Asks: 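What follows is a structure written as structure tokens; I'll ask about it next.
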Amino acid sequence: MYWNQKIECMSRDELTKLQSERLVKLVDYVYNNVEFYRKKMQAVGLVPQDIKNIEDITKLPFTTKDDLRDNYPFGLFAVPDSEIVRVHASSGTTGKATVVGYTKNDIETWSECVARCMTMAGVTKNDIIQIAYGYGLFTGGLGAHYGSEKVGAMVVPMSTGNSKKLTTMMVDFGATAIACTPSYLLHIIEVLEQEGLMDKVKLKYAICGAEPWTEKMHKEIEERLHVRAHDIYGLSEVMGPGVACDCEYHKGLHVCEDHFYPEILSPSTFKWQKPGKTGELVFTTLTKEGLPLIRYRTKDLTSIDYSTCECGRTSARISRFKGRVDDMLIIRGVNVFPSQVEAALVDVKEVSPHYMIIVDRVNNLDTLEIQVEVNPQYYTDEIRVLENLTKKISHVISQALGLNPKIKLVEPQTLVRSEGKAVHVIDKRNLY
Ligand code: DLL
């Protein structure tokens, strides 16, 4: 079995020592290789020698998604482009993608972390795993793929989109594991039931993540599919899937702490929260070469537990996610910011800046409707004109989001005006 016991079961003291050594190296590395970090440290009067151990991390400034956007595309890379062997990208807050880059060693570290997660989920070299996260700029497909190969499993790179082919191959190949978003897996379960294939399924493990899911969904997947379902977490900026995953005891997600240093901060004071208290998860990448990040604010809300797990692993565990600090939505695994919709609509003169995003879940698939108010001078009863306008808006929005939402045009002055912070989203899914 692939299990990095030496690292995953090391004592807290040993781990703290390793983290301290790695942080000291990292700070020196970013100071000398990334102008952005040098300037940020200089602005608060810090030099690398001020960072002597892991506790000194609190002296360092934060990094945010906006910093990545402002330095688009490669401005935060710490190595020449020739050392980067892969890039991925995810949505930024205003429509510009955040681009992440990996050196050869980064890809190796990433595979190692995903391999640890797959192992926690039970996957071994004897398994046949279907990877049904999207392949491409999204980190899910290739991330899960490389980690599963490292374990030695037989990898079937399905990607997303063709559920019938997926279910047929699941049965024909005798797949024993599947990695995909939990909502997609619920959809696959329905397809299996409709096709009468359920009793031919050999699946044992499901490795689900990339979006929030409730304990109820977890149970439902386990009961309907007769598998052990695991929660895998990650984000592109920090690496991709594999930052953390839960083991067979399901008491929180073990963080690959030798590579990613977690802090849980109070969203109001930005001070460390006590273990068990919910706060914003912040990560420092201790070993990344291409895009090292110092105190990256994930905006994800969780709590942390440093006690040793029943499985023997000593790594800290974060709890199932409790929400986000910002307004990012995850729809069919795709990150969507309301501001992206706003930015796309600005260029369409026929509509006003008033819009409402309505997210729901029907037959276990996320649905997205965007209601847009037509400007009074362009509003008409002529159906053909409105249809053309709907097409035009569908096009700009799908370009901006990478999703094809249903567009519904509404008459001027119909959407509710808010007196405080504008409400642009109605999310009916109850995910947290
Ligand atoms: O979603 C990476 C990933 C791929 C993780 C496949 C797991 C499996 P991004 O597209 O950058 O990367 O989105 C990152 O997704 O900040 C969370 O808000 C959310 N997220 C990811 N995993 C989980 C999870 C990938 N297990 C954002 N539970 C993160 C809840 C999750 N939310």
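Being a predicted model, the structure only gives us computed values, none of them experimental. Numbering of ligands and ligand atoms starts at 1, following listing order. We number each residue from 1, following the sequence as shown.
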Asks: If you count the atoms of ligand 1 from 1 in the order shown, which ones are under 4.0 Å from a heavy atom of F138?
Replies: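 The atoms of ligand 1 under 4.0 Å from a heavy atom of F138 are 1 (O), 4 (C), 10 (O), 25 (C).
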Asks: Looking at the rings of F138 and H88, which for Trp means the six-membered one, are their centres under 6.0 Å apart?
Replies: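 No, too far apart.
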Asks: What protein heavy atom sits nearest atom 25 (C) of ligand 1, and how far away is it?
Replies: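 That would be G234 O, 3.5 Å.
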Asks: What atoms in ligand 1 come closer than 4.0 Å to a heavy atom of R324?
Replies: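 Ligand 1 atoms under the 4.0 Å threshold to R324: 16 (O), 18 (O).
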Asks: Any idea which part of D231 is under 4.0 Å from ligand 1, heavy-atom wise: side chain, backbone, both or neither?
Replies: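 For D231, only side-chain atoms sit under 4.0 Å from ligand 1.
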Asks: For the residue pair W110 and Y102, does the interplanar ring angle fall in the parallel (under 30°), tilted (30 to 60°) or perpendicular (over 60°) class?
Replies: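 Because their plane-to-plane angle is under 30°, the rings of W110 and Y102 count as parallel.
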Asks: What atoms of ligand 1 come closer than 4.0 angstrom to any heavy atom of G140?
Replies: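 In order of number, 4 (C), 6 (C).
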Asks: With rounding to the nearest 0.5 angstrom, report the OH to OG1 distance, Y135 to T160.
Replies: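 These two atoms lie 10.5 Å from each other.
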Asks: How far is atom 31 (C) of ligand 1 from the closest protein heavy atom, and which atom is that?
Replies: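 Result: E211 N, 3.7 Å.
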Asks: Closest non-hydrogen protein atom to atom 20 (N) of ligand 1, residue and atom name please, with distance?
Replies: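 Looking at atom 20 (N) of ligand 1, the protein heavy atom closest to it is A210 C, 3.7 Å.
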Asks: Side chain, backbone, both or neither: which applies to F321 and ligand 1 if a contact is any heavy-atom pair less than 4.0 Å apart?
Replies: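 It is the side chain that touches ligand 1; the backbone stays farther off.
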Asks: Before signing off on this row, confirm whether G240 and ligand 1 have an N or O atom pair separated by under 3.5 Å.
Replies: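 Min N/O separation from ligand 1 is not below 3.5 Å for G240.
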Asks: Relative to ligand 1, is I330 under 4.0 angstrom through side chain, backbone, both or neither, heavy atoms considered?
Replies: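 Side chain only.
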Asks: Salt-bridge test for E215 and R320: reply yes if a basic N is under 4.0 Å from a carboxylate O, no otherwise.
Replies: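 Judged by the 4.0 Å cut-off on N to carboxylate O distance, E215 and R320 do form a salt bridge.
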Asks: Enumerate the atoms of ligand 1 whose separation from the nearest heavy atom of G209 is less than 4.0 angstrom.
Replies: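 The list of qualifying atoms is 7 (C), 8 (C), 26 (N).
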Asks: Between E35 and K39, is there a side-chain N and carboxylate O pair less than 4.0 Å apart?
Replies: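 Salt bridge between E35 and K39, a charged N being under 4.0 Å from a carboxylate O: yes.
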Asks: Would R429 and D360 pass as an ion pair if we require N to O under 4.0 Å?
Replies: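 Here R429 does not pair with D360 in a salt bridge, since their nearest N and O are not under 4.0 Å apart.
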Asks: Does the pair K104/E289 count as a salt bridge with the N-to-O cut at 4.0 Å?
Replies: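 Result for this pair is no, no salt bridge flagged.
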Asks: Is it true that E193 and R224 have a side-chain N and a carboxylate O under 4.0 angstrom from each other?
Replies: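 A salt bridge links E193 with R224.
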Asks: What do you reckon, does S236 have a nitrogen or oxygen under 3.5 Å from a nitrogen or oxygen of ligand 1?
Replies: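 There is such a contact, yes.
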Asks: Would you call E195-K164 a salt bridge at under 4.0 Å N-O?
Replies: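 Salt bridge flag = yes for K164 with E195.
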Asks: Say whether Y133, considering both its backbone and side-chain N or O atoms, lies within less than 3.5 Å of an N or O atom on ligand 1.
Replies: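 Checking ligand 1 against Y133, no N or O pair falls under 3.5 Å apart.
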Asks: Any idea which protein heavy atom is nearest atom 29 (C) of ligand 1, and the distance to it?
Replies: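 That would be D300 OD2, 3.2 Å.
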Asks: Side chain, backbone, both or neither: which part of N335 has a heavy atom under 4.0 Å from ligand 1?
Replies: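 Only the side chain of N335 comes within reach of ligand 1.
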